[in-house]
Structure formats: structure tokens, C-alpha cells
Amino acid sequence: QVQLVESGGGLVQAGGSLRLSCAASGRTFRYYAMGWFRQAPGKEREFVAGIRWSGVSTYYADSVKGRFTISRDNARNTVYLQMNGLKPEDTAVYYCSRGAYYGLGFPPEEYEYWGRGTQVAVAS
């Protein structure tokens, strides 16, 4: 079974930046779409960003477009989320997720597994 381990969360000031990392297990990482979700207290988990298995296309929630960038390094079995211009409303637990085999990275229903999450807190 796939294992996903997120890291890089923390407390930052509004307008600051943070880079999250997700280390994935398995010898077939490069064939799966990958993504990031987040969940704030009292809210449902929401899709943040996704990347095609090949890395040639990406998808973003409207709320993070222009500020967040998802990328992957298949040689390291790692997916990243670069977050710039952070806002207090970005405060949430961020989860790395694995999508479909040869998946496009969208729609969100494609995703199957999640890590334990990493906390991101943005102070005003």
C-alpha cells in the first residue's frame, strides 16, 4: 500500500512563502497523478492542486491560482507545493494525495489515498 509523508508546514506571516514536500513510497510513483488537498477547521477537505502523471499539465483551485505551484521530481518520488503570498485563509492541514494510474490530476474525484497531513498556519 502506498505511503505518503508530508513535511514543510509551519507558522508564517501573511504575505510569506512556504514549500511543502511529499515523499511517496513505491516503484511506480512516476505513473500516478499527484495532488494536494487541504482542510480547515469546520470545513470539508478541498482540492488545492493536481499534476498529471507525466508532469506536463497542472490544475489549481481558483483560490490559489497565481500564488501556488505544484511540481514533481520523479527521480526522488517527491511532489512539492510552493506557496507564495500566503493569506490567513490558507490556514489548514495540507494533505498529499495520490491519484489515478496514468491520471490527469483532475477532477478531484480521481484521488484515492492521502497522507497524514502537515499543518500550515498563516498569521495576520
Side-chain angles (χ1 to χ4, degrees):
Q1 186 174 346
V2 64
Q3 295 183 58
L4 304 170
V5 182
E6 303 94 336
S7 63
L11 174 65
V12 298
Q13 296 297 122
S17 298
L18 205 61
R19 188 178 77 158
L20 306 184
S21 298
C22 171
S25 65
R27 301 169 70 89
T28 57
F29 168 85
R30 60 187 174 183
Y31 299 118
Y32 289 89
M34 297 294 296
W36 289 92
F37 288 71
R38 67 185 181 186
Q39 187 168 25
K43 296 184 178 181
E44 294 186 351
R45 183 175 295 179
E46 65 173 339
F47 173 79
V48 175
I51 187 166
R52 194 172 186 153
W53 69 272
S54 62
V56 301
S57 57
T58 57
Y59 304 89
Y60 298 94
D62 288 341
S63 60
V64 307
K65 285 182 179 178
R67 299 189 297 121
F68 291 10
T69 302
I70 186 172
S71 62
R72 65 191 298 163
D73 185 343
N74 289 341
R76 296 181 180 274
N77 271 31
T78 303
V79 61
Y80 304 96
L81 184 67
Q82 178 66 46
M83 304 184 293
N84 299 324
L86 284 163
K87 305 175 181 179
E89 51 262 45
D90 293 319
T91 295
V93 176
Y94 283 71
Y95 298 90
C96 177
S97 182
R98 192 189 78 177
Y101 191 62
Y102 286 117
L104 302 179
F106 191 86
E109 288 75 16
E110 169 183 326
Y111 293 89
E112 302 171 316
Y113 301 98
W114 287 263
R116 294 182 178 181
T118 184
Q119 178 70 243
V120 172
V122 184
S124 61

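Only this structure's heavy atoms are used, side chains among them; waters, hydrogens and symmetry mates stay out.
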Nearest heavy-atom pair of Asn84 and Ser17: which atoms, and what distance?
-> OD1-OG, 2.9 Å
Taking Asn77 for the side chain and Ala24 for the main chain, is one N or O donor matched with an acceptor at less than 3.5 Å?
-> yes
Ile51, Tyr113: one ILVMFWY side-chain cluster at the under-4.5 Å cut-off?
-> yes
Starting at OG of Ser124, measure out to CD of Glu89 and round the result to the nearest 0.5 Å.
-> 10.5 Å
Closest approach of Ala92 to Ala40 (non-hydrogen atoms, all atoms of both residues) = CB-N, 3.8 Å
Any chance you could measure Ser63, atom OG, to Phe68, atom CZ, to the nearest 0.5 Å?
-> 7.5 Å
Taking C-beta and beyond as the side chain, do Cys22 and Tyr80 meet within less than 4.5 Å on heavy atoms?
-> no
Glu44 CD: over 12 foreign heavy atoms closer than 6.0 Å = no
OH (Tyr59) and CZ (Arg52) are apart, to the nearest 0.5 Å, by 6.0 Å
Do Gln13 and Leu86 touch side chain to side chain, with heavy atoms closer than 4.5 Å?
-> no
Looking at side-chain heavy atoms only, is the closest gap between Val64 and Arg38 below 4.5 Å?
-> yes
Nearest heavy-atom contact between Gln39 and Lys43 is NE2-O, 3.1 Å
Flag yes if Phe37 and Leu4 sit in one hydrophobic cluster, no otherwise; membership is Ile, Leu, Val, Met, Phe, Trp, Tyr, and two members link when side-chain heavy atoms are under 4.5 Å apart.
-> no
Hey, does the side chain of Glu110 reach the backbone of Gly99 with a donor-acceptor pair shorter than 3.5 angstrom?
-> no
Glu6 bridged to Arg116 by N-O distance under 4.0 Å = no
Taking all non-hydrogen atoms of both residues, which atom of Arg72 and which atom of Phe29 are closest, and how far apart?
-> NH2-O, 3.0 Å
Distance from Thr91 atom OG1 to Gln119 atom CD, nearest 0.5 Å?
-> 7.5 Å
Val93 and Leu18: same hydrophobic cluster, using ILVMFWY side-chain contacts below 4.5 Å?
-> no
Check: Arg67 and Tyr60 side chains under 4.5 Å, non-hydrogen atoms = no
Looking only at heavy atoms, which two atoms of Val79 and Trp36 are closest? And how far apart?
-> O-CZ2, 3.8 Å
Going hydrophobic residue to hydrophobic residue with side-chain gaps under 4.5 angstrom, can you get from Leu20 over to Ile70?
-> yes
Is a salt bridge present between Lys65 and Asp62, judged by a nitrogen-to-oxygen distance below 4.0 Å?
-> yes
Within a strict 4.5 Å, meaning less than it, do heavy atoms of the Arg98 and Met34 side chains meet?
-> yes
Which atoms form the tightest heavy-atom contact between Tyr94 and Met83, and what is the distance?
-> CE2-SD, 3.9 Å
With Tyr32 as partner, the option from Trp53, Tyr102, Tyr101 fulfilling ring-ring contact (aromatic ring centres under 6.0 Å, His included) is Tyr101
Check the angle between the aromatic planes of Tyr111 and Phe47 and answer parallel, tilted or perpendicular using the 30° and 60° thresholds.
-> tilted
